[in-house]
There are 2 protein chains.
Amino acid sequence: MNKIEQHLKHHKLRITQVRLDILRYFQNHKTALSHADLEQHFSKHFDRVTIYRTLTSFLENGLIHKIPDDSGIAKYALCRHDSIAHSTVDEHVHFKCKNCGKIECLHALEIPKLHLPKKYKPESANLLIEGTCALCNA
Amino acid sequence: MNKIEQHLKHHKLRITQVRLDILRYFQNHKTALSHADLEQHFSKHFDRVTIYRTLTSFLENGLIHKIPDDSGIAKYALCRHDSIAHSTVDEHVHFKCKNCGKIECLHALEIPKLHLPKKYKPESANLLIEGTCALCNA
DNA sequence: TTAATAAATGCAATTAAGTTGCAAATATGT
DNA sequence: ACATATTTGCAACTTAATTGCATTTATTAA
Ligand SMILES: [Mn+2]
Ligand SMILES: [Mn+2]
Ligand SMILES: [Zn+2]
Ligand SMILES: [Zn+2]
């Protein structure tokens, strides 16, 4: 039982080929991925609906998170609680490059807590910064 | 020439019935609206494509802004530069209620500037806070 | 090792959001 | 009132995502 299989096990997901392959693919990419990205790469091997359902199962079981942007196309990236405990919701900033279009997780940057108007109860937050990324500025 | 007509004129848009009606509708609603919301209300009077194109023209001409959330369904709200100058990009926080589903602009809350990693050049930012709103907590 | 079973997959069909082309209608400036 | 560029309605189309169902597979327990 290798690392990736353990990762699935740990999140109570059955070990199947599509899950192993897509999980590894996420691990090898530092930028967020859309269904279309995965379909492009895996359509020879798996049905597009299976890819959708794989993303859904990863999302529901906390392996990945969804990153909203104004495009309306869902993008996902790995959660980083590679630690033992299945906890610590890691809320971090996302960066979208206007040049190359890629979205990155800035795990080092926390989203600052704001003082909301009376009676508003915050539970989670999403901060997306747009601009040009390090690579495109090089 | 009333207030709403002037608003359109000021943004170099021709004065048409659908624009007057939809602009007024935005002014009367404090929460963000989707195309579906507008279609629900206006389908008797205007074609759905016309409503899409009205939103696009409002967006391109700075009357409204688009608010990204994880639903993938585009929501829009009025920009508030009712001032004379066509400027001052007002970047503010948005709040989405997990109970009633409504999205509000928190114009009073600015998005804090963060220190990004080297070579990243920020240009704009979107912050969406989710939780329960004042009304749902009352 | 096998058998039982719950879960996952592939495929076809469907829903839903948004876009495009084009002819007809209309707003605006002269 | 006229000329013209813009806007509108309608039909068709694209794209993203979902659903139903029969088949296959992973897991657990005999
Ligand atoms: Mn992230
Ligand atoms: Mn707003
Ligand atoms: Zn870039
Ligand atoms: Zn609410």
Side-chain angles (χ1 to χ4, degrees), chain A residues 1-2 4-25 32-76 101 103, chain B residues 1-2 4-23 25 32-61 63-76 101 103:
Chain A
M1 176 110 68
N2 66 34
I4 297 185
E5 290 177 336
Q6 280 178 354
H7 196 168
L8 290 174
K9 259 268 154 62
H10 183 252
H11 288 268
K12 323 266 186 201
L13 287 177
R14 289 190 176 191
I15 293 164
T16 66
Q17 200 56 51
V18 65
R19 286 172 179 169
L20 290 170
D21 288 5
I22 289 183
L23 183 49
R24 186 173 39 224
Y25 196 74
L33 299 170
S34 66
H35 174 270
D37 294 331
L38 295 169
E39 191 180 358
Q40 181 130 242
H41 205 259
F42 289 111
S43 64
K44 302 285 178 297
H45 299 276
F46 309 108
D47 187 81
R48 31 185 303 287
V49 176
T50 301
I51 296 172
Y52 273 115
R53 293 198 263 229
T54 302
L55 285 171
T56 301
S57 70
F58 283 5
L59 194 61
E60 287 174 346
N61 291 280
L63 281 87
I64 60 177
H65 56 286
K66 194 172 183 173
I67 305 168
D69 72 349
D70 59 357
S71 81
I73 296 170
K75 302 249 195 163
Y76 305 88
I103 293 183
Chain B
M1 175 112 68
N2 66 35
I4 296 184
E5 289 177 337
Q6 280 178 356
H7 197 167
L8 290 174
K9 260 266 155 62
H10 183 250
H11 288 268
K12 322 270 187 199
L13 287 177
R14 291 190 176 192
I15 294 164
T16 66
Q17 199 57 51
V18 66
R19 285 172 181 169
L20 290 170
D21 288 6
I22 289 184
L23 183 48
Y25 196 74
L33 298 170
S34 66
H35 174 270
D37 294 331
L38 295 169
E39 191 180 359
Q40 182 130 241
H41 205 260
F42 289 111
S43 63
K44 301 287 179 297
H45 298 278
F46 309 108
D47 188 82
R48 33 179 251 98
V49 177
T50 301
I51 296 173
Y52 272 116
R53 292 198 265 230
T54 301
L55 285 170
T56 302
S57 70
F58 283 6
L59 193 62
E60 288 175 345
N61 291 279
L63 282 86
I64 59 178
H65 57 285
K66 194 173 183 173
I67 304 169
D69 73 348
D70 59 356
S71 81
I73 297 171
K75 301 252 195 160
Y76 305 88
I103 294 182

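Residue numbering restarts at 1 for every chain, and letters A, B, ... go by the order of the sequence lines.
- Residue Leu20(B) contributes atom CG, which lies 15 Å from atom P of dT26(C) at whole-angstrom precision.
- Smallest separation of non-hydrogen atoms from Leu59(A) and Lys66(A): CD1-N, 3.7 Å.
- Straight-line distance from the CG atom of Asp70(A) to the C1' atom of dA17(C): 16 Å, rounded to whole Å.
- Closest non-hydrogen pair, Ala32(A) versus Ile67(A), comes out as CB-CD1, 3.8 Å.
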| query | Taking it one step at a time, do Ile15(B) and Met1(B) satisfy side-chain contact (heavy atoms from CB on, under 4.5 Å)? | reply | CA-CA 10 Å; Ile15(B) 294 164; Met1(B) 175 112 68; 4.0 Å; yes

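- Leu38(B) pairs in a side chain to side chain contact (heavy atoms under 4.5 Å, CB included) with only one of the listed residues (Val18(B), Leu55(B), Thr54(B)), which is Leu55(B).
- Considering only the side chain of Tyr52(B), dT19(C) comes nearest among dA16(D), dG9(D), dT19(C).
- Counting to the nearest Å, the P atom of dG18(C) and the OH atom of Tyr76(B) are 6 Å from each other.
- At whole-Å resolution of the value, CG in Asn61(B) and C1' in dT6(D) are 13 Å apart.
- Checking dT9(C), dC10(D), dT8(D) against the side-chain heavy atoms of Asp47(B) singles out dC10(D) as nearest.
- Checking Gly72(B) against Arg48(A), the closest nucleotide of DNA chain C that is more toward the 5' end is the one next to Arg48(A).
- As a whole-Å value, the separation of Ile51(A) CD1 from dA8(C) C1' is 14 Å.
- In this structure, His35(B) places its NE2 atom 8 Å from P of dG18(C), rounding to the nearest Å.
- The shortest non-hydrogen separation linking Ser34(A) to Ile73(A) is CB-CG2, 4.1 Å.
- Rounded to a whole Å, the NE2 atom of His11(B) is 19 Å from the C1' atom of dT28(C).
- For Gln17(A), the side chain to side chain donor-acceptor pair (under 3.5 Å) partners at least two apart in sequence or on another chain are Asp21(A).
- Classified by interplanar angle (parallel below 30°, tilted 30° to 60°, perpendicular above 60°), the ring pair Tyr52(B)/His35(B) is parallel.
- Side-chain atoms of Val49(B) lie closest to dA11(D) of the nucleotides dA11(D), dT7(D), dG9(D).
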Can you name the atoms? Protein N/O to nucleotides 23-27 of chain D N/O, anything below 3.5 Å, with the distance.
unit_1	atom_1	unit_2	atom_2	d
dA26(D)	N3	Arg14(A)	NH1	3.2
dT27(D)	OP1	Ile15(A)	N	3.0

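- In this structure, Arg53(A) reaches the bases: a heavy-atom distance under 4.0 Å links it to at least one base atom across the strands shown.
- Ala74(A) comes within 4.0 angstrom of sugar-phosphate atoms only, judged by non-hydrogen atoms across all strands, and of no base.
- Between the CG atom of Asp37(B) and the C1' atom of dG18(C) there is a distance of 16 Å, given to the nearest Å.
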